[in-house]
Chemist: 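Before I ask anything, let me first share the structure, which is written out below as structure tokens.
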Amino acid sequence: MAFESLSALLAMGGHAPYVWSAYGATAALLLGVGWHARAERRRVRRDLERRARRERRQAEAANASHDERVSR
């Protein structure tokens with residue numbers, strides 16, 4: 001093993017503040033990227049559902065006006 005004890009591992013030969021803060025920053029960034037991707041996916045999905053509903057309403061309105069003209 002590279003270190004004599006668990007405390008030596010955690011101390012990292014005097015470089016612990018740099019090493020553990022780098023691990024912490026990396027973990028925080030990875031969590032942030034995951035959170036952002038989920039939020040963005042929800043937003044895109046919501047926008048697509050709105051667009052589909054709007055297009056469905058427009059198609060129904062166009063069909064209704066076409067049926068009205070045909071029946072005259």
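Residue numbers start at 1 and run along the sequence shown.
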Chemist: Rounded to the nearest 0.5 Å, how far apart are CZ of Arg46 and CZ of Arg50?
Modeler: 5.5 Å
Chemist: For Ser7, give me all partners under side chain to side chain donor-acceptor pair (under 3.5 Å), at least two apart in sequence or on another chain.
Modeler: Ser5
Chemist: Mind jotting down which residue pairs meet the ring pair (Phe, Tyr, Trp, His ring centres under 6.0 Å) criterion with at least one end in residues 23-61? Sequence neighbours excluded, please.
Modeler: Trp20-Tyr23
Chemist: Side chain to side chain donor-acceptor pair (under 3.5 Å) with Arg43: which residues, sequence neighbours excluded?
Modeler: Glu40, Asp47
